Amino acid sequence: MKHPAETALALYAGGDLGWWTRLGIGRHVRQCGPCRRQVEEFRTVCEMLQAEREKLPPNLEWSEAAAAMRANIRLGIAAGECVAEPERMRSPWRPALALPVLLLIVAGWILQSLPPAAKRASAPERAGGALVLDASPAGIGVERDGRGFQLLRPAAAESVEVSVRGDSVRSRYVDSETGQVTISHVYAE
Amino acid sequence: MSEAVEPVLEDSLARQNRFISENLRRIFLLVYRMVGNVADAQDLTQEVFVKALQRRDQLKDEEKAAHWLSRIATNTAIDFLRRHGRLAFCELDDMPEQAGSSPLESPEARVLRAEREAILEGGLATLTARERAALLLRDVEGLPAEEVARHMACSKATVRSHIANARVKFRRYLSRRKT
């Protein structure tokens, strides 16, 4: 005979099974002595716990304990309200603070969205030095306040053309060995 | 204006006091069975009521409020047991003279009561926090498994598993005591 699991008997004893499972286990329990004993023991556990429902701990004077708890609960609620009060008082200032913050954000956005050209135009003025384009047989480059760069003529270049147009300088080299043409352009901005 | 506010405050205070009086013993016993110690049960019971009454707008429906309070109590006790690891039952020999016992109670009855209490506490001490909560809500509070599942924020299957395991452990504890 196959016995139900101990946990199934525990649930059966407390009436915690679905009706179909309960029916099957009930039929088995009626025929099986050891399982019936187990169910009775589980029922004893349930009854024992139910019997303790209203029983207070043996060493407790309930009226005194209840009075102390009531007093502490009121104290706890009052303390909670004291802590919560400043929060509530601060809250009307929140909209007033929000307005300057909003204005700052809008001002920042406006400054950020200024046309980039306007910012660039002012840059050479702030730097204080003029921009110099440099073109020579050695190469072309750009320089301001002693700082800049130069694109040097390759050693194997046979033919060299250098020209200046407005705010740009251009060089054209032809490699004597490979015939490769290199054109470089430097713009002043 | 204060005349209009005062009756509202009085009404609210009276409702709050009634709510505490009606539920204090039940919640204390539930927490005590879970933590197994009077001092901790008193502290936790107070914590449960403070938590509940700080959100008193949820107390309009008194029946729902009582269920909600049990749920707060269960979770507070489970959290406490998780933090502290295990039950803190005091030894019977260490118990102070039983102030709450009736002077008419015979020495035999007192011994029997202490014995019953020791069995119950010993059995509950063998369970995990969640098994204990499930067993107490089902067998002591008499809630159906669906309601226990709602209290413990888990599925009905999980709750049934906790209840079954708890009853098995408790039965084995009783068998060990007999032998």
Side-chain angles (χ1 to χ4, degrees), chain A residues 4-18 21-22 25 34-35 37-85 87, chain B residues 13 16-17 20-21 24-26 28-29 32-33 36-38 41-43 45-51 53-54 56 90 92 95-101 110 113-114 116-117 119-120 123-124 135-136 138-142 144-145 159-161 163-168 170-175:
Chain A
E6 196 179 4
T7 48
L9 291 175
L11 290 172
Y12 173 81
D16 295 303
L17 289 174
T21 321
R22 196 169 62 232
I25 292 180
C35 286
R37 265 195 302 282
Q38 273 195 59
V39 169
E40 277 160 15
E41 283 170 9
F42 281 127
R43 285 197 176 131
T44 307
V45 170
C46 297
E47 282 162 11
M48 192 178 172
L49 289 164
Q50 278 157 11
E52 292 301 314
R53 185 184 158 90
E54 291 300 321
K55 284 182 185 153
L56 287 164
N59 54 340
L60 182 75
E61 181 59 60
W62 174 246
S63 55
E64 277 176 24
M69 281 191 280
R70 273 195 204 101
N72 286 334
I73 291 164
R74 283 192 202 106
L75 195 68
I77 294 162
E81 280 167 2
C82 285
V83 173
E85 204 61 36
E87 293 259 331
Chain B
L13 208 64
Q16 187 175 299
N17 287 339
I20 296 173
S21 299
L24 189 63
R25 189 179 166 119
R26 181 177 67 85
F28 169 79
L29 282 171
Y32 170 70
R33 294 291 173 221
N37 172 293
V38 172
Q42 278 182 291
D43 287 348
T45 303
Q46 287 159 201
E47 194 183 319
V48 168
F49 276 94
V50 172
K51 273 184 197 168
L53 290 167
Q54 277 173 343
R56 68 188 83 163
C90 58
L92 280 175
M95 276 189 197
E97 193 57 36
Q98 295 172 4
S101 59
R110 209 178 300 170
R113 193 153 74 100
R116 205 176 49 233
E117 191 73 19
I119 292 171
L120 183 71
L124 289 174
L135 187 73
L136 291 171
R138 177 72 190 97
D139 287 349
V140 179
E141 292 290 299
V159 156
R160 277 166 49 162
S161 159
I163 293 170
N165 288 335
R167 284 181 188 149
V168 167
F170 211 110
R171 180 182 149 263
R172 284 179 188 167
Y173 167 80
L174 289 179
S175 304

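Small disclaimer: the values here were computed from a predicted structure and weren't measured. Each chain gets a letter, A, B and so on, in the order its sequence line appears, and its residues count up from 1.
- Taking the side chain as every heavy atom from C-beta outward, B:Arg33 and B:Leu120 approach each other to under 4.5 Å.
- With respect to chain A, the highest number of heavy-atom pairs below 4.5 Å among B:Thr45, B:Ile163, B:Val140 belongs to B:Val140.
- Contact check on A:Glu41 versus A:Arg37 returns no salt bridge, with no Lys/Arg side-chain nitrogen under 4.0 Å from an Asp/Glu carboxylate oxygen.
- When heavy atoms are compared at a cutoff of 4.5 Å, B:Ile20 approaches chain A solely by way of its side chain, counted from C-beta outward.
- Screening A:Ile77, A:Ile73, A:Asn72 for a side chain to side chain contact (heavy atoms under 4.5 Å, CB included) involving B:Phe49 leaves a single residue, A:Ile73.
- Contact annotation for B:Arg138: only side-chain heavy atoms (C-beta onward) come within less than 4.5 Å of a heavy atom of chain A.
- Within the 4.5 angstrom heavy-atom criterion, no atom of A:Glu64 approaches chain B.
- The parts of A:Leu56 that come within reach of chain B are both its backbone and its side chain, each placing non-hydrogen atoms under 4.5 angstrom from that chain.
- Among the candidates A:Ala68, A:Gly15, A:Ala10, A:Ala51, the residue making the largest number of heavy-atom pairs closer than 4.5 Å to chain B is A:Ala10.
- If you measure heavy-atom distances from B:Ser21 to chain A, the contacts under 4.5 Å come from both the backbone and the side chain.
- Residues A:Asp16 and B:Arg167 are paired through a salt bridge, judged by an N-O separation under 4.0 Å between the basic side chain and the carboxylate.
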>> Between B:Tyr32 and A:Leu60, does the side-chain contact (heavy atoms from CB on, under 4.5 Å) criterion hold? Intermediate values first, please.
In response: CA-CA 11 Å; B:Tyr32 170 70; A:Leu60 182 75; over 6 Å; no

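- With chain A as partner, the option from B:Val48, B:Leu135, B:Val168, B:Asn17 having the largest number of non-hydrogen pairs under 4.5 angstrom is B:Val168.
- Listed by first then second residue, pairs satisfying ring pair (Phe, Tyr, Trp, His ring centres under 6.0 Å) with a partner in residues 37-70 of chain A read A:Trp62-B:Phe28, not counting sequence neighbours.
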